[in-house]
Every structure is written in structure tokens, then in C-alpha cells.
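Some notes on the structure that comes next.
Counting starts at 1 for both ligands and their atoms, in listed order.
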Amino acid sequence: MKTPRDLLKEARELTRHVVPADVQPRLDEVAVLDVREPDEYEQGALPGAIHLPRGNLEFSVEGRIPDKSTPVVVYCATGVRSVFAAKTMGDMGYTDVVEMVGGFNRWKDEGRPWRAPETLTADQRNRYQRHLLVSEVGETGQLKLLHSKVLLLGAGGLGSPAALYLTAAGVGTIGIIDMDVVDASNLQRQILHSMDRIGERKVDSAKKTLTALNPDVDVVTYDVRLGADNVLDIIDGYDLIVDGTDNFPTRYLVNDASLLKRIPVVHGSIFRFEGQVTVFDPYNGPCYRCLIPEPPPAELAPSCAEAGVLGVLPGIVGSIQAVEAIKMVLGIGDPLVGRLLAYDALEETFRTFKVRRDPKCPACGPDAPPIVIAEYDDLCMPHTAPPLK
Ligand SMILES: [Zn+2]
């Protein structure tokens, strides 16, 4: 029978070792894995360390470090658990794992840089428990969400479900722009609002609903019309825009402004029984003008105020927008960049279509003139100069 000492000796012989002095200059090049318990980690850790307690290693490490050829430095407090962790990772197929001799204690004693990592509170740990259980989100991802800022254009049919789910997911700052008041005819689909809010500003009603759902979230409201005069100021500082607007002029305006500020837009639209979602990631994928260079004639482009829509349809499309927004913030999965998802509620089908950047795009093409944000004109083209009054 083997004693713990035998096991350690055996693991040590099968593991490669480095001293803190060799790790410090390579901090930017390697994945640093901290396998201590949460209470130890919270007291202080190496800058940028990935935290994964030894007990969760086998089942979680592939989610946190998917590429098994990644150079990894593993450490614990003194260099015992890290030896076992490094050996296990070798057994799991990781090819470049080293263990840091002396662990965090030696690192700290030698006066090397460390930080007290930001962590979730006990309440947050409870609230986002189901996110923490998904390794692609985890505590790091949840903190990312809590630090993210998402701007919703419209507190209507698409904005309602998107806002509710993004708030529930813990997106730390949610901006909402809408200049309407709640009307009884909205309640068939705009689930942010309710009977007792009729006549209230939509942004105020939205803020009440969202704040009641999750106090972690800062809801910033803009009770204005989005126009050329304010669009750049409003979108500035947001990581992402969720577009739930229902008219062409605003979509073109938002497109041009988001290209200038390089802010991705999660676009959604609905009509009768059909919905569409795509993600415009500036200069990494097509933009709205690549897709729709010119607006259709007015008689063929009814706005939502005029067109009918099945009440639950925006619930589905807006929820997909929320999914895409969360994926973009976390940097996980394949967002709908360069793909258009079309949903047909009557057929109950989802189809995706490839969409490409248009080399002749007047907004994001290589020969496009510099974008100047100005009010929509009949041509709906990006202006190279402010329009004549
Ligand atoms: Zn374009």
C-alpha cells in the first residue's frame, strides 16, 4: 500500500517544476491555474490566475482551458496540491503543464506581484448559481457580465424580453432608450409593462420592473428620440447594442454610429409570424447596410405601429437577442456574425442564412467615404457631409 508520501514522490517525479522567478516574466504567455480553495484564493492570488479548486479540477478544467496544448503553470499554497493537479492534467492529455515550486506562499514571500481577486458576494453566488455551474460562464464570466454595459434600443416587444433576461443574467449596466408612454395596446407583447403603468413613460416602467427583478443591475434610462444629435453620446461606453427598433431610419442611424464607435449590434426584427436575428460586428462581419443597402419603398415597409404581430413572437426573437448579447459579452460560442437567423412561427422553423460583407458597402466597405452621422434622408445613405437644411 502506498503512503501519501509515496504518492507525492511519484507524482513529483512525473511532473515538471518551475520556480516563481521563472514564472513572473512569463505571466502574459501562460495560463496560470490556482487550485486552492475559494477562501485561500480570495485572500490573494497571482495576477490573471484562473481559479479552479483541486476538487473540481477533473470535471471543470476542460471548460476553462479547452486547448490542451496551452502552456499552463499550476500553483497552490505550498506546492503539494499543484503537483497532483499537474500530474492529473498530464494524464488528461495536457501537454505543457508545469507546477510552481513553493506555491503562492513562496511567490508572496519573494515580494512578487499579487492581487486580491474580485469575487462574487454570497448573495450573488446564490443568485447566479446556475451560471456558476456552467464552466463556460463560471465566476469569471459572471463577473464579466456584472461589469458589462448593454444598451437596449426600445422598451417594446423585443426590448422587453431582452431586458428581462439580460437583467436576470446580471448584466451590470442596462441602458434603455424609448420615448413612448405605455398604452394598453402594448400589453399584448411588451411584458415589461402592466395595467398599472398605462400612461407612464416606458423607460420608467421598464426601470421599475428590472430593478425589482435584480438589484445588481444599474438601469440607465434615456427618455428621448434617438437622433443624429445624440446617438454618438448615448451609445458611447456601451459594450453592445441590442436593437429592437422598428423603423429603417433608426436602424441606418444606429448602424453608422455603431461602425464609428465599433460597438457590435444585436439586431432583431419581427413581422406578423416571422422574426429575424443577426449580429453586426463592425468590420468583422457585415453591417446593416451590407444586408439592406437601401430601404424598401415606404408602402412595403410598414413599421410595427402599422403591422400586426403575434404577441409571443417578440418574446422568442428578443430572447434570442439576449442569448447573442450574453455570448458576445462572454466571448463564447458562435454568435450570429455573418449569419441571419429566420424564425417562422407558423411553420415552427428556424433557418440560418449566410450573410457576407459587401465590398461595395457605402458604410463599411474598403472604399466607403468617412462616416458622418446625420439625420436620415430619403436616400438613406451615410452622409459624407451634413445635409443641407
Ligand atoms: Zn457594410
Quick test of your reading of the model: are [X] and [Y] salt-bridged, counting only N-O distances below 4.0 Å?
X: Arg351; Y: Glu274; value: no
X: Lys2; Y: Glu10; value: yes
X: Arg36; Y: Glu42; value: no

Any side-chain donor paired with an acceptor under 3.5 Å for Arg106 and Thr78?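 No donor-acceptor contact under 3.5 Å links the two side chains.
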
Working to the nearest 0.5 angstrom, can you tell me the gap between Tyr75 OH and Ser82 OG?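 Nearest 0.5 Å value for the OH-OG distance: 10.5 Å.
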
Any non-hydrogen side-chain atom of Val182 less than 4.5 Å from a side-chain atom of Leu187?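 They are in side-chain contact.
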
Closer than 2.8 Å to the Zn ion (ligand 1), which protein N, O or S atoms?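 You should have found Cys287 SG, Cys290 SG, Cys361 SG, Cys364 SG.
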
